[in-house]
Asker: 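Handing you this structure, nothing more for now.
Only this structure's heavy atoms are used, side chains among them; waters, hydrogens and symmetry mates stay out.
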2 protein chains.
Amino acid sequence: MGLDNFTEKKFKDYLKLKGLRYTKQRKEILEKILNRMGHFEIEDIVLEFKNQNIDVSRSTVYRTLNILKELGIVNEVIKFKNKTLYEVALNEHHDHLVCENCGKIIEFHSQEIEDLQNKICEMYNFKPNFHRLEIYGLCKECKNLNEG
Amino acid sequence: MGLDNFTEKKFKDYLKLKGLRYTKQRKEILEKILNRMGHFEIEDIVLEFKNQNIDVSRSTVYRTLNILKELGIVNEVIKFKNKTLYEVALNEHHDHLVCENCGKIIEFHSQEIEDLQNKICEMYNFKPNFHRLEIYGLCKECKNLNEG
DNA sequence: GTAGATGCAAAAGATTTGCAGCCTA
DNA sequence: TAGGCTGCAAATCTTTTGCATCTAC
């Protein structure tokens with residue numbers, strides 16, 4: 001995939017709208033997260049830049065991720081053991097099964113759950129923005145080990 | 001409610017099982033969280049002890065909460081803006097609507113969602129332990145303010 | 001030219017840990 | 001009595017922020 005024009009434009013437009021600037025660093029960060037499959041932590045990004053001798057500081061990564069979150073290009077998906085995992089939000093929304101033993105993360109999507117959630121929000125006159133459903137437990141492999 | 005014998009016994013038994021001790025501090029902490037309705041932060045607990053001149057240190061609160069979490073007497077329910085909220089897990093399980101504007105938390109329970117989750121876990125051969133469903137958005141009041 | 005961005009180092013919070021002394025079983 | 005527990009202070013880890021400098025527009 002890489003830096004597709006569509007997402008880059010979305011980002012640029014949003015920045016302009018807010019009176020912000022499209023800098024070299026912001027472009028680097030957008031590029032990097034679009035190249036990533038699956039989940040990532042801020043620290044991953046910071047280290048990759050360091051290893052590749054690309055000059056983007058930790059603070060800038062944090063600041064930019066906050067903008068991308070606002071924009072909905074990334075989601076903060078999981079909070080587990082004081083770690084925050086992000087993911088690119090361009091694909092269909094999904095939720096997560098998290099294995100407490102091996103840390104594996106399995107994605108799933110259930111339209112029925114989404115619909116029920118919307119129904120509940122209506123009941124409470126609540127305007128949903130995003131949601132996070134995490135089911136913690138043991139994955140197939142770890143379950144078998146435990147029962148073994 | 002207060003320190004009911006049932007929960008105290010559960011805690012004591014678990015401690016014994018693990019070769020741990022039932023100390024004055026652990027009893028104080030259990031008592032305090034059982035007396036609380038709704039959600040709490042570690043810091044709340046620490047401050048209350050301080051105000052009441054009860055000698056239980058912050059580290060002990062953290063250490064004990066970790067044990068109570070393992071035991072399932074408390075759940076870590078919400079991670080929001082770098083804050084962790086806990087709740088006593090003795091009542092029926094429920095999920096949360098979190099207002100991003102005023103911070104209000106609305107609890108709800110949907111058996112249908114629970115059932116669907118179980119169905120999904122079966123599909124993936126995943127053994128669920130607990131889950132967390134948080135829907136972020138605007139509550140009725142804040143929504144009206146925004147639209148007003 | 002100027003408002004906004006960056007990098008750095010420091011600060012702020014949350015949580016954990018090492019250690020010496022204390023207490024429960 | 002001994003191994004676990006506590007309080008304290010220090011350490012860790014994540015995230016934010018103040019500031020001087022730089023840069024996109």
Side-chain angles (χ1 to χ4, degrees), chain A residues 8-9 11-33 39-50 52-71 74-86, chain B residues 8-9 11-32 39-50 52-71 74-86 103:
Chain A
E8 185 179 19
K9 184 163 187 320
F11 190 31
K12 271 184 168 169
D13 288 352
Y14 179 77
L15 291 172
K16 179 167 289 178
L17 184 72
K18 293 270 185 173
L20 305 176
R21 286 163 195 177
Y22 190 56
T23 63
K24 192 162 59 63
Q25 287 87 342
R26 286 181 179 163
K27 180 171 179 159
E28 290 282 5
I29 294 168
L30 183 64
E31 225 163 86
K32 187 158 296 294
I33 66 167
H39 308 93
F40 61 89
E41 295 175 38
I42 300 255
E43 209 52 28
D44 297 341
I45 304 290
V46 173
L47 286 180
E48 271 191 37
F49 281 136
K50 183 162 289 175
Q52 299 173 0
N53 280 308
I54 299 174
D55 276 328
V56 181
S57 71
R58 174 174 284 100
S59 345
T60 297
V61 174
Y62 272 100
R63 287 190 272 231
T64 301
L65 260 285
N66 283 338
I67 296 175
L68 290 166
K69 233 181 343 183
E70 260 179 64
L71 179 50
V74 304
N75 283 336
E76 215 179 69
V77 276
I78 294 180
K79 296 271 195 172
F80 186 43
K81 298 194 178 188
N82 310 328
K83 288 217 166 306
T84 301
L85 291 187
Y86 294 84
Chain B
E8 186 179 19
K9 183 162 188 321
F11 190 30
K12 271 183 168 170
D13 288 353
Y14 180 78
L15 291 172
K16 180 168 288 177
L17 185 73
K18 294 268 186 174
L20 306 175
R21 285 161 196 179
Y22 190 55
T23 63
K24 194 162 57 63
Q25 287 88 341
R26 284 180 181 167
K27 181 174 179 155
E28 290 282 5
I29 293 168
L30 184 63
E31 226 163 84
K32 186 157 294 297
H39 308 94
F40 61 89
E41 293 175 39
I42 301 254
E43 209 52 26
D44 297 342
I45 304 289
V46 173
L47 286 180
E48 271 191 36
F49 281 135
K50 184 161 290 177
Q52 299 173 0
N53 280 308
I54 299 174
D55 276 327
V56 180
S57 71
R58 174 174 283 101
S59 343
T60 298
V61 175
Y62 272 102
R63 286 189 272 231
T64 302
L65 260 285
N66 282 339
I67 297 176
L68 290 167
K69 230 178 349 177
E70 259 179 65
L71 179 48
V74 305
N75 283 337
E76 215 179 71
V77 278
I78 293 180
K79 297 269 195 176
F80 186 44
K81 297 194 179 189
N82 309 329
K83 288 219 166 306
T84 301
L85 291 186
Y86 293 85

Asker: Roughly how many Å is it from CZ in B:Arg26 to P in D:dG7, rounded to a whole number?
Answerer: 11 Å
Asker: Does B:Asp44 use its side chain to pair, donor to acceptor, with the backbone of B:Glu41 at less than 3.5 Å?
Answerer: yes
Asker: Rounding to 10°, can you tell me the angle the first-five-pair axis of the helix from C:dG1-D:dC25 to C:dA25-D:dT1 makes with its last-five-pair axis?
Answerer: 40°
Asker: Without decimals, in angstroms, what is the distance between B:Ile54 CD1 and D:dG7 C1'?
Answerer: 16 Å
Asker: Is there a side-chain contact between B:Glu31 and B:Glu8, using heavy atoms and a 4.5 Å cut-off?
Answerer: no
Asker: DNA chain C: B:Glu41 or A:Ser57, which has the more 5' nearest nucleotide?
Answerer: A:Ser57
Asker: Is there a side-chain contact between A:Tyr86 and A:Leu68, using heavy atoms and a 4.5 Å cut-off?
Answerer: no
Asker: Could you walk me through whether B:Ile29 and B:Leu65 pass the side chain to side chain contact (heavy atoms under 4.5 Å, CB included) check?
Answerer: CA-CA 8 Å; B:Ile29 293 168; B:Leu65 260 285; 4.1 Å; yes
Asker: In whole angstrom, give the distance that lies between atom CD of A:Glu43 and atom P of D:dT12.
Answerer: 15 Å
Asker: 5' to 3' on DNA chain C, which nucleotides open and close the contacts with chain B (atom under 4.0 Å from a heavy atom)?
Answerer: C:dA14 to C:dA25
Asker: Scan A:Thr60 against the nucleic acid and name what it touches under 4.0 Å (heavy atoms): base, sugar-phosphate only, or nothing.
Answerer: sugar-phosphate
Asker: Side-chain contact, heavy-atom cut-off 4.5 Å: B:Arg58 with B:Val61?
Answerer: no
Asker: Is there any protein nitrogen or oxygen under 3.5 Å from a nitrogen or oxygen in nucleotides 21-25 of chain D, and what are the pairs?
Answerer:
{"from": "D:dA24", "atom 1": "N3", "to": "A:Arg21", "atom 2": "NH1", "distance (Å)": "3.4"}

Asker: In whole Å, what is the span from the CZ atom of A:Arg58 to the P atom of D:dG18?
Answerer: 19 Å
Asker: Could you tell me whether the side chain of A:Lys18 reaches within less than 4.5 Å of the side chain of A:Ile67, counting heavy atoms only?
Answerer: no
Asker: Taking side chain as C-beta onward, heavy atoms only, is B:Tyr62 less than 4.5 Å from B:Val46?
Answerer: no
Asker: Take A:Thr84 and A:Ile42 through the side chain to side chain contact (heavy atoms under 4.5 Å, CB included) test and state the conclusion after the steps.
Answerer: CA-CA 8 Å; A:Thr84 301; A:Ile42 300 255; over 6 Å; no
Asker: Flag the pair B:Lys32 / B:Gln52 as yes when at least one side-chain heavy-atom distance between them is below 4.5 Å, and no otherwise.
Answerer: yes
Asker: Are side-chain heavy atoms of B:Phe49 and B:Thr60 found at a separation under 4.5 Å?
Answerer: no
Asker: Nearest whole angstrom, please: distance from the P of D:dC5 to the NZ of B:Lys12.
Answerer: 16 Å
Asker: Want to settle it: does A:Arg63 or A:Ile42 sit nearer the 5' end of DNA chain D, counting the closest nucleotide to each?
Answerer: A:Ile42
Asker: Any side-chain N or O of A:Thr84 under 4.0 Å from OP1/OP2 of D:dT15?
Answerer: yes
Asker: Quick one: B:Asp55 CG to D:dC5 C1', roughly how many Å, whole number?
Answerer: 14 Å
Asker: Does the side chain of A:Arg26 reach to within under 4.5 Å of the side chain of A:Leu15, using non-hydrogen atoms?
Answerer: yes
Asker: I need the CG-C1' distance between B:Asn66 and D:dT6, as an integer number of Å.
Answerer: 15 Å
